[in-house]
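The structure appears right after this line, and notes come after that.
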Amino acid sequence: MHEKQGGILLNQTKTSHCCSMSRNDIIEVKNDSELIKEDLNESSVPNIKEGFLGKKVYIPGGSFFMGTKDKEGYPEDGEGPVRKVTVDSFHMDAHTVTNAEFKEFVQSTGYITDAERFGWSFVFYQLVSEKTKRKVKQVAQQTPWWLVVQGASWKHPEGLDSNIENRLEHPVVHVSWNDCQAYCEWAGKRLPTEAEWEFAARGGLEHKKFPWGDELNEHLCNVWQGEFPKTNTEEDGYIGTAPVSSFPANGYGLYNMVGNVWEWCLDWFAKSVRDRGGRTNPQGPKTGESRVMRGGSYLCHASYCNRYRVAARSRNTPNSSSGNIGFRCVTDV
């Protein structure tokens, strides 16, 4: 479906990526667009469980059926074919890295993220203040709801007039793959391989679309509810990110494996299964242009980008960032 709003073409085709913007995907925009003139709607922040932060879960190794042949999938993303893959045991963080944890890393090391070095990052238009919107000069090609916001970074998620003071329990965002690697080195951890991520996300279930089964339940994950990209009913309580323990854990005790934020994986992206390193502890191709992302985000919706399924995959360049990309860590056993 193609529709114009405020003079900007909204391209809602099933094959488009609503959640994977590269730093190369920007165009100039005039500031009189109605598309970027909506009110910020913030959600309340519940208290996180005591002792929850930093918890890691043991994932017993084994074999599973990776990928999907489901009609809802995206063959162009290389979701199939279904094949049996084996991974060794590992530990995975129960939740994505939070703002509080990333803040500790930055305070300890003085690290500067890619978004800070570039001076900007992508922010969804409904989350930006009117003051910041008036300064926007660029948007993402094909997906103009992604604004190029100067000053947006992990500590200023919607621009310089925003902060994380009331969102320390939310996932850190605006982190590139490079940033995640730096955090992992400091924390003595690593990013999960794509195979490890999918094995863990399934929570012990086989051939299921979601961590809980085959039926979509929008109250079990933080995804878009309403008409994308214009109206979010917020029935799940959130228009943007949710605290990392907001929804029930899967069978392994992992929170928000789908929805909320995309999660970077270790692998370079390849469409062909033959290029992904075999069927035992595959680690992806040796080189590439983009890294794998998994899990979908708060912007995914069945009508446009249903990549919140456990077999769905996406990709982005290692230096790119946006307000819906985060990560979680693993450690070897």
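By the ring pair (Phe, Tyr, Trp, His ring centres under 6.0 Å) test, His219 pairs with no residue at all, sequence neighbours left out.
Salt bridge absent: Glu289 and Arg315 never bring a charged side-chain N and a carboxylate O closer than 4.0 Å. No salt bridge links Asp93 with Lys56; every basic N to acidic carboxylate O contact stays at or beyond 4.0 Å. A salt bridge is absent between Glu198 and Arg276; no separation between the charged side-chain nitrogens and carboxylate oxygens falls under 4.0 Å. Salt-bridge check for Asp70 with Arg309: failed, with every basic side-chain N at 4.0 Å or more from each acidic carboxylate O.
Remark: the Asp88 side chain and the Asn281 side chain contain an N/O donor-acceptor pair separated by less than 3.5 Å. Using a 3.5 Å distance cut-off with no hydrogens or angles, the side chains of Ser108 and Trp186 do pair a donor with an acceptor. Side-chain atoms of Tyr238 and Asn232 include no donor-acceptor pair closer than 3.5 Å. The closest side-chain donor-acceptor pair between Asp179 and Tyr111 falls under 3.5 angstrom.
Considering every non-hydrogen atom in both Arg307 and Glu76, the closest pair reads NH2-OE2, 4.3 Å. Between Pro81 and Val273 the shortest heavy-atom distance is CD-CG2, 3.6 Å. When all heavy atoms of Ser121 and Ala152 are compared, the closest pair comes out as CB-O, 3.7 Å. A pairwise comparison of heavy atoms in Cys221 and Phe247 identifies N-CD2, 3.6 Å as the closest pair.
Asp236 contributes no side-chain N or O that, together with a main-chain N or O of Gln225, makes up a donor-acceptor pair within less than 3.5 Å. The main-chain N or O of Gly259 is never found under 3.5 Å from a side-chain atom of Asn222 such that the two would form a donor-acceptor pair. With hydrogens and angles disregarded, a donor-acceptor distance shorter than 3.5 Å links the side chain of His301 to the backbone of Gly226. At distances below 3.5 Å, at least one donor-acceptor pair connects side-chain atoms of Asp267 with backbone N or O atoms of Glu194. A donor-acceptor distance shorter than 3.5 angstrom exists from the side chain of Asn99 to the backbone of Arg167, with no hydrogens or angles considered. At distances below 3.5 Å, at least one donor-acceptor pair connects side-chain atoms of Trp264 with backbone N or O atoms of Val175.
When side chains are defined from C-beta on, Phe228 does not count as touching Val223, because their heavy atoms never get closer than 4.5 Å. Here the side chains of Val173 and Trp154 are not in contact, with every heavy-atom distance at 4.5 Å or above. Counting heavy atoms from C-beta on, the side chains of Gln141 and Thr143 never come closer than 4.5 Å.
With rounding to the nearest 0.5 angstrom, the CG atom of Leu191 is 7.0 Å from the CH2 atom of Trp177. Rounding to the nearest 0.5 Å places CG of Leu299 at 9.0 Å from CD of Gln126. Interatomic distance, Tyr183 OH to Phe105 CZ, rounded to the nearest 0.5 Å: 8.5 Å. Distance check, rounded to the nearest 0.5 Å: CH2 of Trp145 to NZ of Lys230 gives 11.5 Å.
Between Tyr298 and Phe124, the gap from one ring centroid to the other reaches at least 6.0 Å.
None of Arg313, Arg294, Arg328, Arg291 except one satisfies the salt bridge (Lys or Arg N to Asp or Glu O under 4.0 Å) rule with Glu263; the exception is Arg328. Between Asp332 and the options Arg190, Lys189, His91, a side chain to side chain donor-acceptor pair (under 3.5 Å) holds for only Arg190.
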